[in-house]
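Here is the structure we will look at, set down as structure tokens.
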Amino acid sequence: MSNLDNFRQETRAWLEENCPASMCEPAAEDDIVGGGKKATYKNPDAKLWLDRMAAKGWTAPTWPKAYGGGGLTKAENLILQDEMFRINARTPITGMGFSMIGPTLLDYGTEEQKLEHLPKIVSGEIRWCQGYSEPGAGSDLASLQTKCEDKGDYFLVNGQKIWTSGAQYADWIFTLVRTEPQAPKHEGISFVLIDMDQPGVTVKPIRLISGNSPFCETFFDDARVEKHNLVGQLNRGWTVGKRLLQHERSSISGLGSAGRRGRYDAMGTLPDIAREYIGLESGKLADLSLRDSVTRNTMNLRAFNLTQRRAMEENESGGTPTFATSMFKYFGSENGKERLEIQLKIMGTQGLGWEGDSFSQAEHTLTRTWLRSKSSSIAGGSSEIQLNIIAKRVLGLPD
Amino acid sequence: MSNLDNFRQETRAWLEENCPASMCEPAAEDDIVGGGKKATYKNPDAKLWLDRMAAKGWTAPTWPKAYGGGGLTKAENLILQDEMFRINARTPITGMGFSMIGPTLLDYGTEEQKLEHLPKIVSGEIRWCQGYSEPGAGSDLASLQTKCEDKGDYFLVNGQKIWTSGAQYADWIFTLVRTEPQAPKHEGISFVLIDMDQPGVTVKPIRLISGNSPFCETFFDDARVEKHNLVGQLNRGWTVGKRLLQHERSSISGLGSAGRRGRYDAMGTLPDIAREYIGLESGKLADLSLRDSVTRNTMNLRAFNLTQRRAMEENESGGTPTFATSMFKYFGSENGKERLEIQLKIMGTQGLGWEGDSFSQAEHTLTRTWLRSKSSSIAGGSSEIQLNIIAKRVLGLPD
Amino acid sequence: MPLVLNEEQNMLKDAAKDFCTNNTPITQMRKLRDEKNENGYDTGTWQQMVELGWTGITIPEDFGGLGFGYMGMGVVMEECGRTLTCSPLFATAVVGSSAILHGGTDEQKGELLGQIAGGELLMALALEESPHHNPYGVAATAEKSGAGYKVTGSKKFVLDGHIANKLVVVARTSGAAGDRDGITLVLVDSDAAGVSVTRTIMADSRNAANIEFSGAEGVLLGEEGKGADVLDKVLDAARILLAAEMLGGAQECYERTVEYLKTREQFGVPIGSFQALKHRAAEMFCEIELSKSVVLEALSALDEDSDEVPELASLCKARLNDTYNLVSSEGVQMHGGIGMTDEYEIGFFMKRSRVCEHTFGNSAFHRDRYGVLQGY
Amino acid sequence: MPLVLNEEQNMLKDAAKDFCTNNTPITQMRKLRDEKNENGYDTGTWQQMVELGWTGITIPEDFGGLGFGYMGMGVVMEECGRTLTCSPLFATAVVGSSAILHGGTDEQKGELLGQIAGGELLMALALEESPHHNPYGVAATAEKSGAGYKVTGSKKFVLDGHIANKLVVVARTSGAAGDRDGITLVLVDSDAAGVSVTRTIMADSRNAANIEFSGAEGVLLGEEGKGADVLDKVLDAARILLAAEMLGGAQECYERTVEYLKTREQFGVPIGSFQALKHRAAEMFCEIELSKSVVLEALSALDEDSDEVPELASLCKARLNDTYNLVSSEGVQMHGGIGMTDEYEIGFFMKRSRVCEHTFGNSAFHRDRYGVLQGY
């Protein structure tokens, strides 16, 4: 038996023994674990599952063991994911610690920074959020104005960030700040890590059209940053920040392991929902115009998923991937938005409820998921920005 | 009885007496009369009909009688068109003399120019073509390089025009030429009329993807232009040229009287063709996906035609039309292209024939009409240029 | 049919614009929502609308209305659409009054139309039984009982159902769901025995109700079994007037977006200078211009009681569904992050557009109907 | 199923690219067209293809082929698509050979596959009877007659029908047009009595024929009445391999267009610097990348004889129909006036794309089929 087969057997056995039964049931929105000091667990199994997985480093399976990770190879990780998928085990914890700042520190952090921050991400002790956008710096991120002054021993940060996702739950924030106001806009930016547990940091949730408040405004008023929390070189933070954006886009577009399951599948796939709300006639969805939309979107999604797989295979087989993360971000979010719009059409007035008992919980969730989906083509670099990037970096079209 | 009722009765009587029966039958492509010295008439009735209408000035019904026109009011002209439509009378003659240079001379020509050129357009004696685009000046028309030098008594023109529609049949060409090479590009252009019957003018037809050659390259090699054939001021030709473009766009978009009948209706309307090639099932087109395309395109066309009517009514009622010719050019050509694409889908392989007896004449025509339709969003200012114009002139979006 | 407004209609439009801008800006809708107002509209504002005569615009002068016609009501609806005004105007003074006008006896007209014009009577149409518009699909039954009818069945998505005094219930005296024949309209008081109303709040913060009828008594409106003749007319008027509202919403949303494109700067320039956004904005402009024309034509046709009303209603509703959907989605996207916030108003247009879209027929419904009416 | 080429396939692809670039550039197609070549392909070039072994790529080694599989044929088709190469490769070595492979007796395979691999036998599939792909819609009949069958009926759009030596005729021994049962494949020599072939030239300058069969004699291919089982497999292979050709055409057309955007100047700058064109180019890039993935997956599935072949064939053909259509239309539009000229090659891709689109199922056909296969 090969080592991988061995690994699979051991993993399967361990999961069967250690994954609590309730962690194999579908997760509702508020079952998703993000960790951090403020975390609460409505189901104690969730904490148990997190701790067990974290102890093996399997909350971050491919990170080095030295930093608390699982130290798995890509192949081993695929097996782990497969086996978790097999028993429908929930991902024990997710968040920007894992998808963004962790990978970025692995690329750009000092040994000291890795040792300080990564283990606390793995264990779920510290939850992170992202401080990039500002009211005047959205798509044009590099025009950010949050000021970071060198005070000798430490930095002092003043300014405002917006769209800091989950800031109300987070312990630390990674930010892009301006350290050199006179320099050209890309060259005076630094990447710093800020402890949010201090008086100089204030967080104010933003209510969205969906009624939820996943994002905040975060204000810095003489917030203090120790100098060892500068990542990369001073005034060279743009390089670090851009790399992190790639991790973000991979994550939004579902290129990471999240891609294994649809993002909006709370109610099942589009054909499932159509079968329920529209019904079949002679084996076909009864509304042929909607059926056409359903097949288009579903076929595009399948082609998209195949392309994600191809990208991974090309990477593994050593060829250069000839297409960019931006494509996945762009196509994935547009296809997802379209899917929700079709879902609305399928569900008719039953998909547009806001309050009242006339709608099931799933229907209420759909209305809000539809509205929230609109942010997928805005946040993390809008669709327009992704198309610009493809045109410039991949196609080489002139400015 | 009102004057208009009177006019209608007289017009009806005159048309019934004077319109040859064969001129009330649908016109094939090569039945369309463009006039000019090189014109031939495969049906002598066509010439008779032209001469009779020209004698009344009804080939250009609203032009002043002083220049050979009919001198009709808008209201009278509508009646004339109505009455012609009633008996399916063909338009006796069409062309750029009527749709472009005529109206432009009425706006900008000197009395001498009007008296010289307009009556010959009305009578069909002289056929005109347009010399605007050059190989390096397409969408960016103002970068044109055809040189026009002042030789004291006359001008000398050297250069090349492209997309000169119907140049092989035309007697005169109206052109934009560069009279001041040093000036900013819009300010060194003049508008001149050139007699093509001279050794310095050479015409070479361009074969298109449709197999037809409606356009030519036209070369000027020391072509001579009398000074009285300058329209408007020297170096101020851009103003005249732009106005003419508006007349062109109106004409392409079907805003003129041509709009009363579809441009691509050789085989009937889209629903007609679909009934023939797809058939009905329970009263609906048997292919429901195609049916959806047919209704979309047809409903858009109806909305478009209503909007053309609204534009005319707003004009007549004295209000400023709040939307531009560019919209008609853009939407009309895109809708027309879409219509032909749907037609292809309806006709399947029968709509893609090129040679051979397996296709009817109408089917052969369709294939080529489909290909030709692709030029409608390129010629006369591309769709992209029209959208730029709308964004700038109508919406006031910044450069 | 004229495609331009006459002087009278222009004056009405200007007055409506003033009223809506000053009295029912979007902040009013937000307030009603946040306060969870039990009516879903402001009664004071409603009283002002009544005083302005809006409730009687489409009601002939003989019956106490202004006899201003549908074109007049259209310009008012359009302005209400711009400010997302919440009021019983549509359900009562468009849908309800047109049901009485087309189906009522002279006596019913005499009694009820005046009450509508006077703002004393609020109405609602209890039609749908599934999440999709399906006028002939009713299964609710009406049984003759004495001088009236007893109605039994479940109705969904009854606009203003929780505040209406009288309900026009679409029920069936014969045939099966799907049949055009056998449909009967019954006028039921909402406080009658056997009527149970559950208020529902939709994504656009407007009202709809689920209503259970269990042997509720009412009186006939129109002919027994021939209710579809009246219903079709009522629905076409409703579709066209709703499209007028949608036109107002689409225009307002679009104008705000174009304005934002001119002022919001990124990369040191207004984002409206980016050509990709310009082209999308210009395409929307075309869609809106075409939408204006179809709404005007359809309103004219209503006033002339033209044979083309059904096809124009479908042309109109399908186009406004698509245009409002497009413009409001692009509105949010072009506003970027701020467009996603509840604080900013642009998102309200998106919510409203989708509810309108599913009211009295989505685009697929109307394209199908248009094709059928044109014989293909 | 792997979504990347192995080394052998990469070598084949490189060789095919070299061959097509040097031996069958688009100028060859133009020449064949302008000279009104009676075959519609260059016999010398065809001989070279045979020598390269292309005719035997999908034929097992036991029957004289290379046994390289469909993935191998796919890369060749893709390169042929880039240069719009005219040859009997598709009709004979994809469609014809797969009909023999799936339907033939051992004896038929032994005799015919070697002839195909050797370039001695040209084949064509006589299927369609209407302008729209309709595999079970055949009305042509086959009647048993001695050891063989007599075929009667009219066939349309028979690719390479005028040059084929043998025709696979889809006929009916029982049932009515539309039935899947009762279809029988008959192998008819094209010079048999009762076969009348009319060559037809399509918009892409390729060949198709109308063929009249009046009691033409042939032999059974596969089982009587069960021809649809073979036909479906043949058609799926044909759809996937045609999609591979279309992928090549779409890529070539797209790359030429992007290159033109970089070099053509207007308003003093390359037109590719205009954002609206950039965004459209970037959107097309996405469509092409997705197209590559589905073609690779479908070719793999064919080689593995997977159960997913039917749905992947439909996924593939629908997507390539739409992508090639989009890219070739945009190609002409972005080239502007010059794109409309016959002298420039970009328009050829548009013509080819539409003919491909209507060959073996347009997008509506395949979306419908995909839905059915997925149970909705």
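By convention in this document, chain letters (A, B, ...) are assigned in the order of the sequence lines, proteins followed by strands, and residues within each chain are numbered from 1.
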inquiry  = Between Glu283(D) and Tyr330(A), does the side chain to side chain donor-acceptor pair (under 3.5 Å) criterion hold? Intermediate values first, please.
reply    = CA-CA 9 Å; Glu283(D) 283 164 8; Tyr330(A) 167 72; 3.3 Å; yes
request  = Check the pair Arg310(A), Glu297(D) against salt bridge (charged side-chain N to carboxylate O under 4.0 Å, His left out), reporting the backbone distance first and the verdict last.
outcome  = CA-CA 9 Å; Arg310(A) 179 162 68 90; Glu297(D) 177 81 351; over 6 Å; no
Which atoms of Glu287(D) approach chain A - backbone, side chain, both or neither, heavy atom under 4.5 Å = side chain
task = Can you tell me which residue pairs pass the salt bridge (Lys or Arg N to Asp or Glu O under 4.0 Å) test with a partner in residues 292-301 of chain A, sequence neighbours excluded?
result = Asp292(A)-Arg296(A), Asp292(A)-Arg367(D)
inquiry  = Please classify the contact of Glu255(D) with chain A as side chain, backbone, both or neither, using a heavy-atom distance under 4.5 Å.
reply    = neither
message = Quick check on Leu285(A) against chain D: is it the side chain, the backbone, both or neither that has a heavy atom closer than 4.5 Å?
response = both
request  = Check whether Ala364(D) gets within reach of chain A through its side chain, its backbone, both or neither, counting any heavy atom under 4.5 Å.
outcome  = neither
inquiry  = Please identify which of these residues, Asn297(A), Leu290(A), Leu301(A), meets the side chain to side chain contact (heavy atoms under 4.5 Å, CB included) condition with Leu270(A).
reply    = Asn297(A)
task = Below 4.5 Å from any heavy atom of chain D, which atoms of Glu384(A) appear? Answer side chain, backbone, both or neither.
result = both
query = When the ring planes of Tyr344(D) and His335(D) are compared, do they come out parallel, tilted or perpendicular, using 30° and 60° as the limits?
reply = tilted
key: Phe360(D)/Phe365(D) aromatic ring centres below 6.0 Å   = no
query = Quick check: are there more than 12 heavy atoms from other residues, nucleotides or ligands sitting under 6.0 Å from NZ of Lys185(A)?
reply = yes
query = With a 4.5 angstrom heavy-atom cut-off, which part of Leu277(D) approaches chain A: side chain, backbone, both or neither?
reply = neither
remark   = Residue from Ser326(A), Gly396(A), Ala286(A), Ser383(A) scoring the most non-hydrogen pairs under 4.5 Å with chain D is Gly396(A)
key: Choice from Ala303(A), Ala391(A), Ala274(A), Gly283(A) maximising heavy atom contacts with chain D below 4.5 Å   = Ala303(A)
inquiry  = Looking at chain D, which one of Arg275(A), Lys392(A), Gln386(A), Met299(A) has the largest number of heavy-atom pairs inside 4.5 Å, strictly under?
reply    = Met299(A)
remark   = Looking only at Leu296(D), Asp322(D), Val372(D), most heavy-atom pairs under 4.5 Å shared with chain A are made by Val372(D)
request  = Check whether any side-chain heavy atom of Lys337(A) lies under 4.5 Å from a side-chain heavy atom of Ser377(A), and answer yes or no.
outcome  = yes
remark   = Whatever's closer than 4.5 Å to a heavy atom in chain A on Tyr376(D) counts as both
